[in-house]
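First the structure, in the form of structure tokens, and then the observations on it.
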Number of protein chains: 2
Amino acid sequence: MTRPAKRITSTDVARVAGVSQTTVSFVLNDKPGHSIPEATRLRVLEVARQLDYRPHASARALAAGRSDIVLLSLPDLPMGGAITRFVEEMAAALADHGLTLVTHLAGARGRPLADVCATVNALAVIGLTSFDDDTAQALYRAGADVVLPTRFSHSAAGLPVGRLQAGHLIARGHRRIGYALPAHPGLREMAADRLEGVVAACADAGLEPPVAVGTSLEVDAAAAAVAQWAGNSVTGVCAFNDETALAVLAGLREQGLSAPGDLAVVGVDDIPVARLAAPPLTTVSFDLRHAARGRAEVIMAALAGREPGLVHREEWRLIRRASA
Amino acid sequence: MTRPAKRITSTDVARVAGVSQTTVSFVLNDKPGHSIPEATRLRVLEVARQLDYRPHASARALAAGRSDIVLLSLPDLPMGGAITRFVEEMAAALADHGLTLVTHLAGARGRPLADVCATVNALAVIGLTSFDDDTAQALYRAGADVVLPTRFSHSAAGLPVGRLQAGHLIARGHRRIGYALPAHPGLREMAADRLEGVVAACADAGLEPPVAVGTSLEVDAAAAAVAQWAGNSVTGVCAFNDETALAVLAGLREQGLSAPGDLAVVGVDDIPVARLAAPPLTTVSFDLRHAARGRAEVIMAALAGREPGLVHREEWRLIRRASA
DNA sequence: CATGGTAAGTAATGCGCATTACCCAGATCG
DNA sequence: CGATCTGGGTAATGCGCATTACTTACCATG
């Protein structure tokens, strides 16, 4: 386990390839407007490969005045399976564009976002929910080029989810719909979007608006929510996400009831344990990889100053299982 | 929402404070061996605060030859709730020491670890499972100062978990124990540790070794596993983690059986949905924040070239619910 | 043949910081 | 009284790279 071997720099590559460091830089960055003959190009590339050269990110960032770091601010909330996967996919998608995703947990313990942004010299800062103006200002001042309120579930996207959930219930004959709101405040904004979709679906079907009830992931809280729905003759519930839906299922059980007979339940996300529930959870899922890639593209576009171009349509689909 | 505003550099601070940039650097880094009168110190500090100065990470890294980045390599596996939380806690703990945790997903899509390590100029690289020698070498060569096989579940720690699980079952009178191994290869190393603990507990109690069976998170696979245990007259099963345990529960249901009557089930992690399962899952949990802080300390120690000092004992505890 | 153009490069510069080497006024000492 | 030390600083340097300004050799063209 020795550790000798100094770092290999672009100057090393230059020396071995018999060119100047400038040329190496041009070749490696594919600088346009500078004609480098193919032979030289290849030679440099080959030497770089042989020497196992990797540009030094800090130096590059310092010289170029911009890093390749995209900072993702995550609310300090119980991250469910879906968000986690989304983050992973985002990281992979951005990596394909040469960007590095680093996540920052908001919340009491951490340093302020603008602080982190400045210290890592982030190129862009994105979040799951929109930043208020003050925060955005602070981030720009902290050196961010792009600050995107790139919500995981953009307003445009929250609605279809709710519609899909409610639509399924309505199609199955339910006339009084409930909605299970998450207890965590950080999730509220996202939940509001989805709830709106449910409201819309109910309106379209000529039904009364859904009975929205909040519940934590505790059995008691869920049982109370179930009681409330029962009191309002609700027969089908759309839950904010799968975890909330599982809580509802547990609440039903607690009350000696069951899904879908007493109350049909539809979740969102299709987390791995959704299919393992009793009964297996009917839920709405979408291709996280696809979505992450879409988001990454929006970011790239913003960085390039372009308009996002065609954003891939996110395809949500209902996964029918036993709970509804 | 525009506001250009150049970055504030240490030179700016120096100018305003009427000292040299060198002095600012000394003050801000608390450089020992250089006597700076309190008055100057305070003045610099105050100006830095007023100007909202934040050192530029890249510049600092370049100048100092070392970044403040700790790279965490995560296997490309379905990260359950527990690992995610662990990562969050790690990040927070390291941030308290001025370090930044960035995670890298191993796996086909991503760039090789050593590559990432070199480009971000990571100070340390850590992982959940041990790195083999070649990889470690490559990482050192890529510039890492410290490479820790800092396993989430260190060999020393995997055993107690298994022991705790098995101990509970044995105490409840089970004489033939099963073990549910996760299907994902990336989890195998961790699982082996825990299984070993179960083996030890069985041996201690004079029982035969556990019947280890692999299962994915699909109901069918779990049902098959359940059948296998039934065929071996196993009455209690320790699962690798809660998700696997939930699969076993679903497998039981599929077979028309139930826990704990037909088969007692014990998980690990106490993920949020564990208490929502049918029946609520008995599981082993531990204080992730505590553990993360402990790990962070080990890293800090290694960076300082010190021995880890006293590592906080990780306290696992059994959470008794209905499934076992 | 002078002029300009282009292809193929290189030297020099500076990003923001940490660090090293140095500097100077006054106190202490031999 | 000159030499030495020391507290309180500063100037200069360089990390590894991207970028800008410049150079040289080799054409083509009027």
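Below, chains carry the letters A, B, ... as their sequence lines are ordered, and counting in each starts from 1.
Counting non-hydrogen atoms of other residues, nucleotides and ligands closer than 6.0 Å to CZ of A:R66 gives a total of 12 or fewer.
At a cut-off of 3.5 Å, with distance as the only test, no side-chain donor of A:T22 or A:S25 sits close to an acceptor on the other residue.
Between the CG atom of A:D68 and the C1' atom of D:dC17 there is a distance of 13 Å, given to the nearest Å. When the C1' atom of D:dG16 is taken as reference, atom CG of B:L62 falls 6 Å away, rounded to whole Å. The nearest whole Å value for the distance from the NZ atom in A:K31 to the C1' atom in D:dC17 is 13 Å. Straight-line distance from the CG atom of B:D12 to the C1' atom of C:dC15: 13 Å, rounded to whole Å. The nearest whole Å value for the distance from the CZ atom in A:R15 to the P atom in D:dG16 is 12 Å. Distance CZ (B:R7) to P (C:dC17): 7 Å, rounded to an integer number of Å. At whole-Å resolution of the value, NE2 in B:H56 and P in C:dA18 are 12 Å apart. A:R41 has its CZ atom 13 Å from the P atom of C:dG9, to the nearest Å.
Counting any heavy atom pair closer than 4.0 Å across all strands shown, B:T40 reaches sugar-phosphate atoms only and no base atom. Here A:T23 lies in heavy-atom contact (under 4.0 Å) with a base. Across all strands, A:S25 comes closer than 4.0 Å to base atoms (heavy-atom distances).
Checking C:dG16, D:dC17, D:dG9 against every side-chain atom of B:A63, the shortest atom distance belongs to C:dG16. Closest to the A:F26 side chain, of the nucleotides D:dG16, C:dT10, C:dC17, is C:dT10. Ranking C:dC17, D:dC17, D:dA18 by closeness to the A:A64 side chain, first place goes to D:dA18. Across D:dC17, C:dA18, D:dT10, the shortest atom-to-atom separation from the side chain of B:V19 is found for D:dT10.
Judged by distance alone with a 3.5 Å cut-off, no donor-acceptor contact links the side chain of B:T22 to the base of C:dA18. Taking 3.5 Å as the limit, the base of C:dA18 and the side chain of B:S10 contain no donor-acceptor pair of atoms between them. For B:Q21 and D:dA11, a side-chain-to-base donor-acceptor distance below 3.5 Å is absent, hydrogens and geometry of angles not being considered.
A salt bridge does not link A:D193 to A:R188: none of the charged nitrogens lies less than 4.0 Å from a carboxylate oxygen. Salt bridge present: B:R293 and B:D96 bring a charged side-chain N and a carboxylate O closer than 4.0 Å. We find that A:R43 and A:E46 are not joined by a salt bridge, their nearest charged nitrogen and carboxylate oxygen being 4.0 Å or further apart.
Residue A:S20 has a polar side-chain atom (N or O) positioned under 4.0 Å from OP1 or OP2 of C:dT10. OP1 or OP2 of D:dG16 has not a single side-chain nitrogen or oxygen of A:R60 nearer than 4.0 Å.
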